[in-house]
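For the numbers below, each heavy atom of this structure counts, side chains included, while hydrogens, waters and symmetry mates do not. Reminder, nothing fancy here: chain letters follow the sequence lines and each chain counts from 1.
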Amino acid sequence: MFPPKRPTLFPKRYLYSGCASPPRAPKSALPHLSLLADKCISMTQLKQIHAQMIVTSRISDHFAASRLLSFCALSDSGDINYAIKLFNITQDPNIFMWNILIRALANSPNPSRAVFLYIQMRRQGVCPNNHTFPFLLKGCCSSCLPESCMQVHTHVLKFGLELDLHVVNGLVRGYCVSSHLSSARRLFDEFSERDLSIWTTMITGYAQNFCAIEALVLFDRMLVEGFEPNGSTVASVLSACARSGCLELGERIHAFMLERGVQMGVILGTALVHMYAKNGAISMATKLFDSMPERNIATWNAMLCGLASHGHAEEVLALFRKLEKEDLVPNDVTFVGVLSACCHAGLIDVGYKIFNSMKEVYGIEPKIEHYGCMVDLLGRGGKLVEAEELIKRMAWKADVVILGALLAACKNQGNIEIAERVVKDILALEPHNHMVHVVLSNMFAEAGRWQDVWRLRKVMKVGNLKKTPGWSLVDGDK
DNA sequence: CTAGGGTTAG
């Protein structure tokens, strides 16, 4: 008979009877299945290939299974829950499969799961390799566990991977994110095979920890050592210039970009707008902003917040109205800018209206920063009782920043009654924060309540008094 | 056998 009937790979009864694994199909029988998984563009296709692999027993081959896992876990059209299920039914997954899932979890909305998976992997006695740590560190950095980077570092040493460029880069970033800048710098300095990425990581670390000068000094050294910055490096340095008020250096970098023809996309455009606006070069920022062909919400926020920090409240509100007509959705950062502008200009009613619209119109739950703006706004307007009420209504415990804003307002208004309550709350959070005693003491002194001033002095231990900066400023200390 | 890092707004 021609063409010959294709032989079945194994008897049909194996397929559905749930009996022990069927005889393994010869690998050559279906050589393209795992390659097909690489070309997959949807979960529907992937499930078909998965089914074929089960039917043909190919799934027990770790290489084939890992092609499926890669797509589910990493592709934009993948499905991480499917990846987890696939992983869970795999017998003795190999290190590649563990790594893929750790990576996927690190990029997921709940990145601490990457750390938990690593712990599970170690419990099963599987050894990590050079690919494991960059993914794991990413998970640590973007979860609420940045401190765990230090523990990861001990594992890196244990497995002898401290000379891998990607691993070191991940560790440097981890230490930067958890604000251990000196540890990050030590690793950076001790590692001799540096490339542009690790320089960028260290510079970004400084910039994001508000150590702009260090960032700029390091950038300078990078240039001296002959590295050519790329878009990522430039964006970071511009951010440092914006935060530290280095307008001149920012301008020089802008000139450098134009000279070298550095591709100016939305990220670099935003970084430039931010740098100019934050440094008060509003007309330059506006000119750039208007000329950008593509703007995202970060671009608008850079412009709004830059204007707000220089007190241009009218312009902020005008720009915000313009934003409402665009196809972009404002986010929480947008409202920090707009509300702080209202605060500077003392626009209580407008601010209140916008604050309420956050949730009602835009569905954005106000964060503690937004409450902070409102407390500041109400406090400046003399509405201390309302400000205190607002703090009580918050879903979270008030932090020192927000209580400090209220205390400052109390001081300006001379409201000792509320100030005493606020000081008590701050001391509950930070028992050694003697500055609040100083503020309160000053308020008592202004009101001529000398007995209270002396009572406060007794509350504070004399030994701590000497260490408290600002004590000598107390008016009543005569 | 397969894979990896750094970038914008607060």
Side-chain angles (χ1 to χ4, degrees), chain A residues 27 34-35 37-38 61-71 73-74 94-104 106-107 129-138 141 161 164-174 176-177 188 194-205 207-208 210 222 227 229-240 242-243 262-275 277-278 289 292 294-309 328 330-340 367-370 372-373:
Chain A
K27 278 196 178 170
S34 46
L35 297 177
D38 284 336
D61 172 13
H62 277 167
F63 182 78
S66 63
R67 303 321 306 146
L68 291 179
L69 189 70
S70 294
F71 179 84
L74 304 179
N94 60 16
I95 185 63
F96 178 86
M97 298 177 86
W98 284 99
N99 288 347
I100 291 293
L101 203 59
I102 290 176
R103 176 182 172 194
N107 293 326
N129 66 8
N130 54 332
H131 288 278
T132 315
F133 289 112
F135 306 143
L136 176 62
L137 284 162
K138 186 147 194 215
C141 288
L161 293 166
D164 184 285
L165 178 66
H166 293 99
V167 174
V168 176
N169 198 358
L171 282 172
V172 171
R173 181 154 180 269
C176 288
V177 168
F188 175 86
R194 292 188 286 259
D195 73 343
L196 183 61
S197 287
I198 198 164
W199 279 96
T200 307
T201 303
M202 195 63 233
I203 291 170
T204 309
Q208 295 191 339
F210 298 93
M222 188 189 101
F227 285 92
N230 64 7
S232 304
T233 327
V234 168
S236 243
V237 177
L238 283 173
S239 170
R243 288 164 190 234
V262 176
Q263 274 283 326
M264 185 100 67
V266 62
I267 291 180
L268 281 177
T270 303
L272 276 172
V273 167
H274 181 217
M275 190 278 295
K278 205 63 192 290
F289 181 81
M292 281 172 68
E294 187 199 340
R295 291 178 289 216
N296 62 19
I297 189 63
T299 321
W300 284 81
N301 289 344
M303 197 66 225
L304 282 168
C305 297
L307 285 169
S309 67
L328 291 168
N331 64 13
D332 53 327
V333 181
T334 318
F335 286 99
V336 173
V338 176
L339 290 175
S340 68
K367 290 187 177 176
I368 201 153
E369 303 91 287
H370 305 103
C373 289

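- One can place CD of A:E369 at 15 Å from P of B:dA9, the figure rounded to the nearest angstrom.
- For the side chain to side chain contact (heavy atoms under 4.5 Å, CB included) criterion with A:M97, the lone passing option out of A:N99, A:N94, A:I95, A:L101 is A:N94.
- In this structure, A:S70 contributes its side chain and A:S66 its backbone to a donor-acceptor pair below 3.5 Å.
- With sequence neighbours excluded, the residues that form a side-chain contact (heavy atoms from CB on, under 4.5 Å) with A:A240 are A:A207, A:A212, A:A215, A:L216.
- Between B:dA9 and A:S239, a contact under 4.0 Å exists linking OP1 or OP2 to a side-chain N or O.
- Within the nucleic acid shown, A:V333 comes within 4.0 Å of at least one base atom, counting heavy atoms only.
- In this structure, A:H274 reaches the B:dA9 phosphate: one of its side-chain N or O atoms is under 4.0 Å from OP1 or OP2.
- Taking atom NZ of A:K367 as the reference point, atom P of B:dA9 lies 15 Å away to the nearest angstrom.
- Residue A:N331 places a side-chain atom within donor-acceptor reach of the base of B:dA9, judged by atom type and a 3.5 Å distance cut-off alone.
- With rounding to whole Å, A:R243 atom CZ is found 10 Å from B:dT8 atom C1'.
- Ring geometry, A:H370 versus A:F335: the interplanar angle exceeds 60°, so the pair is classed perpendicular (tilted spans 30 to 60°).
- Contact annotation: A:K278 reaches the phosphate of B:dG10 (side-chain N/O to OP1 or OP2, under 4.0 Å).
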(message) For nucleotides 2-7 of chain B, give me one character per nucleotide, 5' to 3': B if any protein heavy atom sits under 4.0 Å from the base, S if the only such contacts are to the sugar-phosphate, - if neither.
(response) BBBBBB
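- The main-chain N or O of A:V266 is never found under 3.5 Å from a side-chain atom of A:R295 such that the two would form a donor-acceptor pair.
- Residues satisfying the side chain to side chain donor-acceptor pair (under 3.5 Å) criterion with A:N169, sequence neighbours excluded, are A:T201.
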